[in-house]
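Take a look at the structure set out below.
Because only heavy atoms are used, hydrogens play no part in the values below, and waters and symmetry mates are left out as well, while side chains stay in.
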Amino acid sequence: MIVVAAIISRLIKRESGKGYQYFAGALLIIVPSFLCFLFHNYVSREVVAFMLLLLLSLIAMSFDIFPVLLAAILSAAIWDFFFLAPRFEFFVGKPEDMITLCTFFFIALLNAALTFKIRQAEKKARQEEEKAKAYQLYDIILNSLSHEFRTPLATIIAATDNLLTENGTLPSAHRAQLIKEISIASLRLNEQVGNLLNISRIESGLLKPKRNWCDVRDLIRNVIKKATENAGNHRIMVRTYDNLLPFELDYGLMYHLMYNLVDNALRYTPDECFVKVTARMEGEDLVLEVEDNGKGFARDELHKVFKKFYRGKDTKAGGLGLGLSLAKGIAEVHHGSIALQNIYPSGARFTITIPPQNKSLKN
């Protein structure tokens, strides 16, 4: 029975053709029945009937209705031929045995049909649930895109309209301010489109890191240089350990990962908070940390923040909820990991661990 259960479990996890289902269903009835027949002196016919009904229930959980019905008919025939007197004949000697056989056959068919219907109902319920989730995700994406794309587009349109309609009469300071607004809005729009494209490439498996030897200190310097433009009253600190060595990374992807984490910390922590970036080696692995002393995350959100399009309850308006999901994807395509924890007395720490190239290839 343990072997049969293992076979059933394996069958549940794979898509099987109809021919394979007929064969497997028959086999899963014949083999246990044969074993019971070998020990018929120790196994009563009632126990055999119960075992066959149990097997039918398991088969019905995995197969389509017609292979299940075949297994039900086969089980009734085997029970009659091998276990009811007279044996080895499709003949029932006693009226009570005939009633028992008919009852068994009816229960077998009913059990198979009901179990199959329950499985179909569960499948339909799952499909409805997935459809509801898809519609919900569609609404989230649509709402996020409409806000995130409309805001910078409105800024660009308004600024360019002012530049065009003023026909050279704008003061140079005002003109420079409008050009700066266009630049900021364009970069923001480009960033959101880039996030969408990258998350799609990661999920489709098309994003493959091109790892080359990189100076991690230089990578962090460039991330901080760009992040400082939006730092406001925040303080950004960097600590690199003496054991930090050049490391094989996809520079562009890791730059994107680190910038997303630092930018996320700057956006969602109060003014005067600090953001600290740390880099070190742990054995052969590269470990990067981004921490802040803001409010941290609610305990029930710690395992949700890396989900695509997830936005925290207290998150400010704006953003698609892709930054942390993208960071997780980039770490994973490097065969690494990213973890989040709250720190005492307040704040949060993201820890990225990246194995070396040779270890990644072995995995």
Side-chain angles (χ1 to χ4, degrees), residues 13 130 133-134 137 140-141 144 191-216 218-220 222-223 226-227 244-265 267-268 275 277-292 296-297 299-312 315 319-343 348-363:
K13 296 177 182 178
E130 289 172 1
K133 287 181 179 179
L137 182 60
I140 293 172
I141 296 171
S144 298
E191 180 184 335
Q192 295 299 344
V193 172
N195 281 345
L196 280 171
L197 291 175
N198 282 328
I199 201 72
S200 298
R201 290 168 62 202
I202 286 173
E203 291 189 343
S204 65
L206 296 176
L207 188 64
K208 305 293 183 184
K210 298 177 181 178
R211 297 177 69 156
N212 293 299
W213 290 104
C214 300
D215 184 340
V216 180
D218 181 62
L219 184 148
I220 293 173
N222 288 332
V223 168
K226 182 180 179 183
L244 187 62
L245 301 172
F247 203 82
E248 287 183 283
L249 298 167
D250 186 309
Y251 187 96
L253 291 179
M254 288 303 298
Y255 175 91
H256 205 65
L257 184 159
M258 293 300 293
Y259 178 76
N260 270 351
L261 294 182
V262 174
D263 184 61
N264 192 73
R267 286 177 183 274
Y268 302 115
V275 176
V277 180
T278 305
R280 65 179 182 276
M281 303 296 297
E282 286 188 0
E284 295 182 328
D285 297 344
L286 171 67
V287 178
L288 302 168
E289 293 179 345
V290 177
E291 68 177 75
D292 61 69
F297 291 82
R299 184 174 297 180
D300 63 339
E301 289 187 328
L302 288 174
H303 66 288
K304 299 178 183 177
V305 296
F306 295 109
K307 291 182 178 179
K308 187 172 59 173
F309 299 110
Y310 178 79
R311 293 173 52 75
T315 302
L320 294 176
L322 288 176
L324 296 182
S325 176
L326 185 58
K328 181 175 183 289
I330 292 173
E332 289 178 348
V333 297
H334 281 82
H335 299 281
S337 63
I338 182 169
L340 168 63
Q341 65 180 127
N342 286 326
I343 55 179
R349 178 187 296 126
F350 289 90
T351 303
I352 305 100
T353 304
I354 306 294
Q357 173 82 330
N358 57 354
K359 189 186 294 186
S360 300
L361 292 174
K362 289 178 183 178
N363 294 335

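- A 4.5 Å side-chain heavy-atom check between N222 and Y251 finds at least one atom pair inside the cut-off.
- Screening residues 249-264 for salt bridge (charged side-chain N to carboxylate O under 4.0 Å, His left out), with sequence neighbours left out, gives D263-R267.
- At least one side-chain heavy atom of P355 sits under 4.5 Å from a side-chain heavy atom of D285.
- Once rounded to the nearest 0.5 Å, the distance linking CZ of F350 with CG of N264 reads 6.0 Å.
- By the salt bridge (charged side-chain N to carboxylate O under 4.0 Å, His left out) test, D218 pairs with R221, sequence neighbours left out.
- In terms of heavy-atom proximity, F247 sits nearest to E284 at CE1-O, 3.4 Å.
- Nearest heavy atom pair, residue C214 against residue L249, reads SG-O, 3.6 Å.
- V223 pairs with exactly one of V262, V290, N260, L261 by the side-chain contact (heavy atoms from CB on, under 4.5 Å) rule, that one being V262.
- Listed by chain and residue number, R349 satisfy the salt bridge (charged side-chain N to carboxylate O under 4.0 Å, His left out) test with E291 (two or more places apart in sequence, or in another chain).
- Between L286 and H334, every side-chain heavy-atom pair lies at or beyond the 4.5 Å cut-off.
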Side chains of residues 336-343: which donor-acceptor pairs under 3.5 Å do they make with residues two or more places apart or in other chains?
from, atom 1, to, atom 2, distance (Å)
N342, OD1, F297, N, 2.9
N342, ND2, F297, O, 2.7

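- The closest side-chain heavy-atom distance from V277 to L288 is not below 4.5 Å.
- The two atoms that bring L253 and I330 nearest to each other are O-CD1, 3.4 Å, heavy atoms only.
- Within the structure, salt bridge (charged side-chain N to carboxylate O under 4.0 Å, His left out) pairs that include any residue of residues 326-335 comprise K328-E332 (at least two apart or interchain).
- Contact of the M281 side chain with the L244 side chain is registered, since non-hydrogen atoms from C-beta on lie closer than 4.5 Å.
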